[in-house]
2 protein chains.
Amino acid sequence: MSIATPTTPDALAQRLADSGLRSTPQREVVYDVLLKKRDHPTADEVFVRVKTELPTISLATVYNCLETLVQCDLVRAVNFERGPTRYCPNLRPHAHFHDEQSGATHDIELPPVLLEQVHAILPPNYDAKSVEIIFRGAAGSPRPEPVEGQGKAKAAR
Amino acid sequence: MSIATPTTPDALAQRLADSGLRSTPQREVVYDVLLKKRDHPTADEVFVRVKTELPTISLATVYNCLETLVQCDLVRAVNFERGPTRYCPNLRPHAHFHDEQSGATHDIELPPVLLEQVHAILPPNYDAKSVEIIFRGAAGSPRPEPVEGQGKAKAAR
DNA sequence: CGCTTATTTGGAATAGTTCCAATTCTCACT
DNA sequence: AGTGAGAATTGGAACTATTCCAAATAAGCG
């Protein structure tokens, strides 16, 4: 079923090899960046972060690497409304809560039992490879929480 | 008949009025089109369909109308992976099954109990206004079917 | 070491959507 | 019925996110 120690930098080389792909500095740093700050960054945001370590990397490569990581099942791509795709290195089954105020996204633990129950609503013949659960709302803590948001920070329009 | 079923063309004028908006031919036809063929069309597809009735409508207006309908809670906007937003006039709580083969999207009944259970996984202080459940996989027929949907066809637009 | 193939890169191209300014339509009020 | 204010529509330009492409680079392998 699932793999024992998935979410570590070292898993990368292994997984890549398994898929007949090479471990490159770009792929490593992109993955590291995702592991280091798990705030569901966009490709652009990953680009910025990776550049501090690999100043010459190109945005196209960031897209390539992210795609590769998704292929290898090391990273999940998440799409909220219209906006850019966000990337999440959390492999455990979880839902996403999208705080519309701050734009931040939080992982929500998804109990296996519930996951099963959700799958169970599918009629026969529907074979779901994956399921995505996305909440939208306000993570209205009594006190405002530390900024985790990428929400409007960049969305200068 | 049923007040509980707002998914009728007539509901439109009412809802619009409630929001202080006007009922226009464009809005009516856009809504009709959604009700008539519930295959989760994209804005483009709606545009094409509406044009047969209102040949001079513009794509911008279709976007406007769809947005308006979403605001009025008559229509849900759904986003699968990177692709265009799709529109769904089904107001009852339901999940979506996205068939990766055909590109088609099916509504899946969502039992209220399950919906509650899903909401229950949220930690306190998380106030979800809505939840979206999206399955991805292969639907239905035990035997493979030739190409059909809007999947990755590039020329079909 | 040179060959082959994978990977990266920058820029151009594309898709989907939004923005904007000008026009047209509606409605409320004389 | 006429008019003015505000809504709504329209076409096209602008924008954003992403993909495509062809050339340059890097790596593994014999």
Side-chain angles (χ1 to χ4, degrees), chain A residues 12-13 15-31 40-48 50-51 53-72 77-87 103 150-157, chain B residues 12-13 15-31 40-48 50-51 53-72 77-87 103 150-157:
Chain A
L12 176 60
R15 285 292 189 95
L16 287 170
D18 290 353
S19 305
L21 298 169
R22 292 176 188 166
S23 178
T24 69
Q26 289 86 346
R27 286 171 179 166
E28 275 164 23
V29 175
V30 165
Y31 189 44
H40 305 83
T42 64
D44 254 359
E45 289 163 348
V46 172
F47 182 44
V48 169
V50 169
K51 269 202 290 196
E53 194 131 338
L54 294 177
T56 64
I57 199 173
S58 78
L59 180 57
T61 300
V62 170
Y63 274 104
N64 287 344
C65 292
L66 288 171
E67 174 64 14
T68 300
L69 294 174
V70 169
Q71 293 317 68
C72 295
V78 192
N79 286 271
F80 307 118
E81 51 261 354
R82 287 130 240 245
T85 300
R86 294 171 177 281
Y87 297 88
Q150 55 279 100
K152 20 216 78 168
K154 192 148 191 183
R157 159 90 29 116
Chain B
L12 176 60
R15 286 295 188 92
L16 286 171
D18 290 353
S19 308
L21 298 169
R22 291 177 188 165
S23 178
T24 69
Q26 289 86 346
R27 285 171 179 166
E28 275 164 23
V29 175
V30 166
Y31 189 44
H40 306 81
T42 65
D44 255 0
E45 287 163 349
V46 172
F47 182 45
V48 169
V50 169
K51 268 201 289 197
E53 194 131 337
L54 294 177
T56 65
I57 198 172
S58 78
L59 179 56
T61 301
V62 171
Y63 274 104
N64 288 342
C65 293
L66 289 170
E67 174 63 16
T68 301
L69 295 174
V70 170
Q71 292 317 70
C72 295
V78 192
N79 286 272
F80 307 118
E81 48 259 358
R82 288 125 237 245
T85 300
R86 293 170 177 282
Y87 297 88
Q150 55 275 96
K152 22 209 70 172
K154 202 173 190 178
R157 305 283 130 89

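Predicted model only: the values in this text are computed from it and were never measured. Reminder, nothing fancy here: chain letters follow the sequence lines and each chain counts from 1.
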Once you round it to whole Å, what is the distance between [atom2] of [N] and [atom1] of [X]?
| X | N | atom1 | atom2 | value |
| --- | --- | --- | --- | --- |
| Glu81(A) | dT18(C) | CD | C1' | 15 Å |
| Lys51(B) | dT9(D) | NZ | P | 17 Å |
| Asn79(A) | dT17(C) | CG | P | 12 Å |
| Glu45(B) | dG16(C) | CD | P | 10 Å |
| Leu21(B) | dC27(C) | CG | P | 13 Å |
| Glu28(B) | dA7(D) | CD | C1' | 15 Å |
| Ile57(B) | dT23(C) | CD1 | C1' | 16 Å |
| Leu66(B) | dT18(C) | CG | P | 10 Å |

Can you check whether [X] has a side-chain N or O nearer than 4.0 Å to OP1 or OP2 of [N]?
| X | N | value |
| --- | --- | --- |
| Tyr63(A) | dT18(D) | yes |
| Arg27(A) | dT7(C) | yes |
| Gln26(B) | dT10(D) | yes |
| Thr24(B) | dT26(C) | no |
| Ser58(B) | dG12(D) | no |

Donor-acceptor under 3.5 Å (Arg27(A) side chain, Arg22(A) main chain):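 Checking the backbone N and O of Arg22(A) against the side chain of Arg27(A), a donor-acceptor pair under 3.5 Å is found.
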Side-chain donor or acceptor of Thr42(A) paired with backbone N/O of Glu45(A) under 3.5 Å: yes
Give the nucleotide from the list [options] with an atom nearest to the side chain of [X].
| X | options | value |
| --- | --- | --- |
| Thr61(B) | dT10(D), dT17(C), dG11(C) | dT10(D) |
| Arg82(B) | dC20(D), dT18(D), dT10(D) | dT18(D) |
| Arg22(A) | dA6(C), dT9(C), dA7(D) | dA6(C) |
| Asn64(B) | dT17(C), dT10(D), dT7(C) | dT10(D) |

First encountered from the 5' end of DNA chain D, between Ala60(B) and Gly83(A):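 Comparing both residues, the 5'-ward one is Ala60(B).
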Derivation and outcome, side-chain contact (heavy atoms from CB on, under 4.5 Å), residues Thr24(B) and Leu16(B): CA-CA 10 Å; Thr24(B) 69; Leu16(B) 286 171; over 6 Å; no
5' precedence on DNA chain C between Leu59(A) and Pro25(B) (nearest-nucleotide basis):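 Between the two, 5'-proximity favours Leu59(A).
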Full working for side-chain contact (heavy atoms from CB on, under 4.5 Å) between Asp44(B) and Val62(B): CA-CA 8 Å; Asp44(B) 255 0; Val62(B) 171; over 6 Å; no
Thr61(A) vs Val30(A), side-chain contact (heavy atoms from CB on, under 4.5 Å): CA-CA, chis, key distance, verdict: CA-CA 10 Å; Thr61(A) 300; Val30(A) 165; over 6 Å; no
